Amino acid sequence: MKKIELHWKIIIGMVLGLIFGFILLQFEGGKNFSNNWIKPVGTIFIKLLKLIAIPLILASLIKGISDLKDISKFKLIGLRTIIVYICTTIIAISIGLILVNIFEPGDGVSAETVSKLTDTYSESKGVQQKLSTASEQKSIGPLQFIEDVVPDNAFKAFSDNRLMLQVIFVSIFLGISMLLIGDDKSKPLKSIFDSLNDVVLKMVDLIMLTAPYAVFALLANVVVSSDDSEILMALLKYALIIVFGLIIMIAVYSILVFLFTKTNPVWFLKQISPAQLLAFSTSSSAATLPVTMDRVEKYIGVDKEVSSFVLPVGATINMDGTSLYQAVAAVFICQALAFDISFYDQLTIVLTALLASIGTAAVPGAGMVMLVIVLESIGFPADKLAIGIALIFAVDRPLDMFRTVVNITGDATVSMIVANSVGKYSKK
Ligand code: ASP
């Protein structure tokens, strides 16, 4: 019998999970059953992926850098990565703004819907939590972000998944120093990291064997914990505009891949699809990172020297899907609550959404926290923030799933473009 390809197995798992979730909803106690017996399967899977993220970054980045023949190439890779990341994010925000201005989804929201959503969510724990996290973020100074990249204790950095940029910093520092002391002296350490790298990649393979079952659990749980369908329908136009924008972004990546690397975009999307499906199921670029790296290196052909830097950095700072969402959501909220915004405000959104997406953590729902900061930058009244966030809260989870797919596809695209530009891409 022909072996079913991994992405098909994952898709089958997802569809069955959705169906199972709907079946559970028909039973009283179905939600409880899911919480007790289904949800843990998905949670364990995400934990396993996160478990190997830091060893993987450490091993592959150190291997990548210490394999480089000269450091100047690394500078080139770093600079190009940042420039292309910023460009794709600006494209994403612009697409979002154009769509939300053309279709004006917020203007069609009735006062009745606004008050219903406000009553349901503005005092809810979820919304209040987002607001308080946002105000914590806001009190941080402008250079704090750079300061935070440098750890004062390497082991502390390795012990917290949220400190990914610190892990990247330590790995680059170590890798470059290994290059500088020369092959002879760095050889023993290099062999350790090379071997660790192979072991961790095997762990990714093993974890991926369980992916179809895990996505079943994750999606069943999304269905049972979703809000009632009437509320979801009220936000349908808004949600569809975001999804439409995200699809355009995938088309943009396809064009970029074709133009810059002469690779067939359909082939590219097929190779990256298991990572996309996991991004969809987990809503976390950080949890998906090991799989994104695996696909980009083994199946697409980007050299580790590039991918080991571009992808972890991208997972933390490059979020095109999130920034598109933030642009649409900010303008949607203003439209729905009749808060006038000028062209200048929209330009402010481009800038703050760019910075916000850089500062957004690669975990579920983080994009919404930074949305608060985007809204504040255009003078949105502080006392209405809870209402604004309440408006879009119900559809945040499904939209998070879609935008995370775009986030990781963007990272993969940029890694190919940068790798190709320094002669480190050879199509598999
Ligand atoms: N869940 C997204 C990610 O991990 C971030 C967000 O938009 O909330 O990429």
Side-chain angles (χ1 to χ4, degrees), residues 6-7 10-11 14 45-46 49-50 52-53 56-57 60 81 84-85 87-89 91-92 161 164-165 168 204 207-208 211 214-215 218 242-243 245-254 256-257 261 263 265 267-302 306-326 357-358 360-367 397-419:
L6 179 64
H7 60 273
I10 298 178
I11 290 174
M14 289 166 79
F45 178 71
I46 293 181
L49 285 171
K50 287 188 172 167
I52 55 168
L56 180 62
I57 296 173
S60 72
T81 304
V84 188
Y85 274 157
C87 291
T88 54
T89 307
I91 295 176
N161 274 347
M164 207 119 94
L165 287 178
I168 295 170
V204 178
I207 296 171
M208 282 306 278
V215 293
L218 287 166
I242 294 188
V243 173
L246 294 174
I247 293 173
I248 297 181
M249 258 335 268
I250 298 282
V252 169
Y253 296 140
S254 303
L256 292 178
V257 160
T261 71
T263 304
W267 178 86
F268 160 64
L269 290 175
K270 188 173 170 214
Q271 302 310 313
I272 197 71
S273 61
Q276 289 176 320
L277 295 170
L278 281 199
F280 186 80
S281 311
T282 61
S283 290
S284 168
S285 330
T288 313
L289 180 65
V291 183
T292 317
M293 288 177 84
D294 188 49
R295 300 304 297 185
V296 165
E297 287 164 15
K298 269 207 277 199
Y299 296 83
I300 294 182
V302 171
V306 175
S307 63
S308 63
F309 170 74
V310 179
L311 294 174
V313 169
T316 12
I317 71 164
N318 181 52
M319 299 203 178
D320 299 343
T322 300
S323 57
L324 185 147
Y325 149 84
Q326 282 164 341
S357 73
I358 293 175
T360 304
V363 295
R397 176 67 202 212
L399 290 178
D400 197 0
M401 298 163 83
F402 287 103
R403 63 188 191 239
T404 309
V405 172
V406 170
N407 289 346
I408 68 109
T409 312
D411 298 343
T413 305
V414 176
S415 76
M416 286 170 75
I417 296 175
V418 173

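All of these numbers come straight from a predicted model, not from anything done at the bench. Note that these values count all heavy atoms, side chains included, but never hydrogens, waters or copies made by symmetry.
The 12-atom threshold is not exceeded at NZ of Lys270, counting heavy atoms of other residues, nucleotides or ligands nearer than 6.0 Å.
Proximity of Leu278 to Phe45: side-chain heavy atoms (C-beta onward) are separated by under 4.5 Å at one or more points. Residues Tyr299 and Ile272 have side chains not in contact (no heavy-atom distance under 4.5 Å, counting atoms from C-beta outward). Proximity of Leu256 to Ile417: side-chain heavy atoms (C-beta onward) are separated by under 4.5 Å at one or more points. When side chains are defined from C-beta on, Met208 counts as touching Ile10, because their heavy atoms get closer than 4.5 Å. Two residues are said to be in side-chain contact when any heavy atoms from C-beta on lie closer than 4.5 Å; Leu218 and Phe280 fail this criterion. Annotation: side chain of Thr88 is in contact with side chain of Asn318 (closest heavy-atom distance under 4.5 Å). Counting only heavy atoms from C-beta outward, the side chains of Ile207 and Ile52 approach each other to under 4.5 Å. Considering only heavy atoms from C-beta on, Asn161 stays 4.5 Å or farther from Val363 through its side chain.
Interatomic distance, OG1 of Thr263 versus CE of Met416, reported as 4.0 Å (0.5 Å rounding). Ser281 OG to Met14 CE: the interatomic distance, rounded to the nearest 0.5 Å, is 4.0 Å. The CG atom of Asp294 sits 11.0 Å away from the OG atom of Ser60 when rounded to the nearest 0.5 Å. Here CD1 of Ile408 is found 6.0 Å from OG1 of Thr288. Values are rounded to the nearest 0.5 Å. Between atom OG1 of residue Thr282 and atom NZ of residue Lys50 there is a gap of 8.5 Å, rounded to the nearest 0.5 Å. Note that OG of Ser285 and CG of Leu289 are 8.5 Å apart. Values are rounded to the nearest 0.5 Å.
When all heavy atoms of Ala287 and Ile46 are compared, the closest pair comes out as CB-CG2, 4.1 Å. Across Met249 and Val406, no two heavy atoms sit closer than the pair CB-CG1, 4.0 Å. Of all non-hydrogen atoms in Ser283 and Met401, the two that sit nearest each other are OG-CG, 3.4 Å. Nearest heavy-atom pair across Ser307 and Val296 is CB-CG1, 4.2 Å. A pairwise comparison of heavy atoms in Ala53 and Pro290 identifies CA-CG, 4.3 Å as the closest pair. In terms of heavy atoms, Gly321 sits closest to Asn407 at N-OD1, 2.8 Å.
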Could you walk me through whether Thr404 and Thr322 pass side chain to side chain contact (heavy atoms under 4.5 Å, CB included), step by step? CA-CA 7 Å; Thr404 309; Thr322 300; over 6 Å; no
With side chain to side chain contact (heavy atoms under 4.5 Å, CB included) as the criterion, how do Ile242 and Phe402 come out once you've worked through the C-alpha distance, each side chain's angles and the decisive distance to 0.1 Å? CA-CA 9 Å; Ile242 294 188; Phe402 287 103; over 6 Å; no
Between Met293 and Val204, does a side chain to side chain contact (heavy atoms under 4.5 Å, CB included) hold up when you go through it step by step? CA-CA 10 Å; Met293 288 177 84; Val204 178; over 6 Å; no
Worked check of side chain to side chain contact (heavy atoms under 4.5 Å, CB included) between Leu324 and Arg403: CA-CA 8 Å; Leu324 185 147; Arg403 63 188 191 239; over 6 Å; no
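Qualifying side chain to side chain donor-acceptor pair (under 3.5 Å) partners for Tyr253, counting only residues two or more places apart in sequence or in other chains: Asp320.
The closest side-chain donor-acceptor pair between Gln276 and Thr409 falls under 3.5 angstrom. No hydrogens or angles considered: nothing links the side chains of Ser415 and Asp411 as a donor-acceptor pair under 3.5 Å.
Between the Arg295 side chain and the Gln271 main chain, a donor and an acceptor come within less than 3.5 Å of each other. Checking side-chain atoms of Tyr85 against main-chain N and O of Val310 turns up a donor-acceptor pair under 3.5 Å.
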